[in-house]
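Report on one structure; see the data block that follows.
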2 protein chains.
Amino acid sequence: MKRVSEQEKLLKRKGEGMTNIRDIAKLAGVSVTTVSRVINNHPYVSEEKASAVKAAMKKFNYHRNINAVHLSKGKTHLIGVVVPFSYHPYFGLLIEGIANAALDHNYKLVLIQTNYEETKEMEALRMLEDKQIDALIICSRICAWHVIESYSVYGPIVLCEDSRNNKISSTFIDHYKTFTMALHYLYKKGHQQIGYTIGRQTGTNSSQRDAAYKDFLTSKALSYEPSYIFTNRFDVEDGVNVAEHLLDMKNRPTALLVTSDQVAAGILTGCRENGLAVPDDLAIMSFDNQPISRVMHITTLEIPFVEVGEKLFQQAMNGQEAAHEEVQVRLIERKTV
Amino acid sequence: MKRVSEQEKLLKRKGEGMTNIRDIAKLAGVSVTTVSRVINNHPYVSEEKASAVKAAMKKFNYHRNINAVHLSKGKTHLIGVVVPFSYHPYFGLLIEGIANAALDHNYKLVLIQTNYEETKEMEALRMLEDKQIDALIICSRICAWHVIESYSVYGPIVLCEDSRNNKISSTFIDHYKTFTMALHYLYKKGHQQIGYTIGRQTGTNSSQRDAAYKDFLTSKALSYEPSYIFTNRFDVEDGVNVAEHLLDMKNRPTALLVTSDQVAAGILTGCRENGLAVPDDLAIMSFDNQPISRVMHITTLEIPFVEVGEKLFQQAMNGQEAAHEEVQVRLIERKTV
DNA sequence: GTATGGTATGAAACGCGTTTCAGAGCAAGA
DNA sequence: TCTTGCTCTGAAACGCGTTTCATACCATAC
């Protein structure tokens, strides 16, 4: 009857779910090692001990303290994902892709929203350093390369931008190539006055596109027209704004390369309201292939978000040395070019 | 010179950033308690000891192992957020709101995507039980109330649906009230054949709306027309589909209450393409006030996502006993009614 | 002159699961 | 018969920061 009183003491001392592995070991009359083996399905445990342990766990509603596991293992099964904001469909889609891959591998995501503030990105890097996350996926980088690299000793860091010149893994789209392809496509359709809209002006993606644009103009002996470039365009409303801006121009572009379907949807709406015919007065070619582009029949370059998310996750898992995965976009011809 | 050799040994033994608090204590010639005090800015540390500790930390690039802190404190500064999918703007906005509130309080979010699978929601609850997260915010519930309640002993659980009948905190919109108000508004505008579109059919929000709809019909002595109700409508494309469906109906509704701007945008687009005039042939009133509704001039009921996110977070922080915060929507009259 | 209270510091216990290592028992192979 | 080698078990060390408690000193307060 000694055991019973032991149990009663325990029940009194501990609140709901507060038993630990040592208590269970005592209760089941085995060592903590054996309890640990049962928990982790290690094969070398006899039938009877295993069931004694299971009974004790059940009786006391035992749940291991995951933080002790994390400390002991040095892993958390958490992956940090850095995005500037989560509302924008582009990042929503990316997160969706990563989250689905993570789910399959029993990893969870920690969302780190930066609003494009460098300090927030640093916090994410520090989380990696502190072992709060096992790996970090940065969807939109702000910090300098050498800063990112200096943190990569603490765990895998994966980027979503062309990093072939750096020691950091990445899954990316070759925006130089893609932009060039798109520009030639528009040119072939008869456009010589082509402009583009973009989000941030900084960053690898943007400078690749800018380079492609300038090289294209040079190759076709077209002149560079600064007013054809619209920066800081992220959302539908920014798109409407572009359309309105267009109306006031004496020398309008005849085609626009738009880096987000959201912006394209806005431009299209704005054009319709103001009597600008698409594609006759203005051709629009955009990026992403989000649902809205399907609905509005916008010609777009499909980014395979699921694939990107999966590859980013895989790279984050593998870690070891820097890998670079290029992802291909696909042109989807609809009615705006 | 003894100290130097000690240090050298340490440097050899430990890799980058692998020193722990005891090493630092030894190096600085103080106790671990004192080091801990320095780390946590406790006042009772003398100037000289503090600087000795700081010097040692710097020299060995010491960083505390956050998992040890978590284990010791029993808190992780992580809040779980359960959403069915992150792509949809509704959830994106909600996440954005919560994330911003969390940022201000130095909390991070763990995103748990369920795809409406109950097992995933259970996993989230288990994370709370395991102390992996300090609190849980469920944006779209699947599990039964008693299940949720049974887990609330492990930490605060907050819902984004009217839970005034339950012991769980919530920040919610009274969808019965709101739907009733909207229906009367449409009625006053001359509509007697009103339908609605909705996402999931299950859940508190949906049943509140359904009840409001049926009560409204009764109060106005209007007949219930099952074909006026469109379920499983989440996205723009679902909206286009509704519009196409409408064309085939002999007895069309003259107005539609749409539970998401995305769907409304799709309906509007579909109507335009098929020659259904909005609002003359079909009035559309929707929910959320997302950017797309501004751009497309959709009359909508604004949900203050920032406020909702903040309140959800606050409730998750306070925890103690169940609180219920109602949030008001605001009618924004534009051009689709 | 003594009681009181803040400052400063460290030993030890605490939170808790994992893993290494050593050892015992037993069976198949040489 | 002896050696391997697998099965099963547990003690102890490990990962590491926080917190409680006891102690000691010094300075006002009474």
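Hydrogens, waters and symmetry mates play no part in the numbers below; they use all other heavy atoms, side chains included. Chain letters run A, B, ... following the sequence lines, proteins first and then strands; every chain starts at 1.
Comparing Ala68(B) and Thr33(B) by the nucleotide of DNA chain C whose heavy atom lies nearest to each, the residue mapping closer to the 5' end is Thr33(B). In terms of position on DNA chain C, the residue among Val45(B) and Ser72(B) whose nearest nucleotide sits closer to the 5' end is Val45(B).
You'll find that the side chain of Lys73(B) is closest to dT19(D), out of dC8(D), dT19(D), dG17(C). Counting only heavy atoms from C-beta on, Asn40(B) has its side chain closest to dT18(D) among dT18(C), dT18(D), dG17(C). In this structure, the nucleotide among dT9(C), dT18(C), dT18(D) sitting nearest to the side chain of Arg64(B) is dT18(D). Distances from the side chain of Ser31(B) to the nucleotides dG10(D), dG10(C), dT18(C) place dG10(C) closest. Considering only the side chain of Thr34(A), dT9(D) comes nearest among dT9(D), dT20(C), dT18(D). The Val69(B) side chain lies nearest to dT18(D) when the options are dT18(C), dT18(D), dT20(D). Nearest to the side chain of Ser36(A), among dA11(C), dT19(C), dC16(D), sits dT19(C).
What separates CZ of Arg22(A) from P of dA13(D) is a distance of 12 Å, to the nearest Å. Nucleotide dT18(D) holds its P atom 14 Å from the CG atom of Asn67(A), rounded to whole Å. Computed from coordinates, the His42(A) NE2 to dT18(C) C1' distance equals 12 Å when rounded to whole Å. As a whole-Å value, the separation of Ile39(B) CD1 from dT19(D) C1' is 14 Å. The distance between atom CZ of Arg37(A) and atom P of dC8(D), rounded to the nearest whole Å, is 11 Å. A straight line from CD1 of Ile24(B) to C1' of dT18(D) spans 17 Å, rounded to a whole angstrom. At whole-Å resolution of the value, NE2 in His63(A) and C1' in dG17(C) are 15 Å apart. Rounded to an integer number of Å, the gap from CG of Leu71(B) to C1' of dC16(D) is 8 Å.
Using modelled atom types, no side-chain atom of Thr76(B) and backbone atom of His70(B) make a donor-acceptor pair closer than 3.5 Å.
Note: Tyr90(A) and His88(A) have perpendicular aromatic rings, judged against thresholds of 30 and 60 degrees for the angle between ring planes.
Between the side chains of His324(B) and Ser169(B), no donor-acceptor pair is found at a separation under 3.5 Å.
Salt bridge status for Arg141(B) with Glu161(B): present, with a side-chain N to carboxylate O gap under 4.0 Å.
Between Lys49(B) and the phosphate of dG10(C), there is a side-chain N or O to OP1/OP2 separation shorter than 4.0 Å. Distances shown here put a side-chain N or O of Ser46(B) below 4.0 Å from the OP1 or OP2 atom of dT9(C). A close approach under 4.0 Å does not occur between any side-chain nitrogen or oxygen of Tyr62(B) and OP1 or OP2 of dC16(D). Contact annotation: Tyr44(B) side-chain N/O to dC25(D) OP1/OP2 distance is not under 4.0 Å.
Between the OH atom of Tyr154(A) and the NE2 atom of His63(B) there is a distance of 5.5 Å, given to the nearest 0.5 Å. Between the OG atom in Ser170(A) and the CD atom in Gln315(A) there is a gap of 6.0 Å [rounded to 0.5 Å].
Contacts of Val35(B) with the nucleic acid, taken as non-hydrogen atoms under 4.0 Å apart, are absent.
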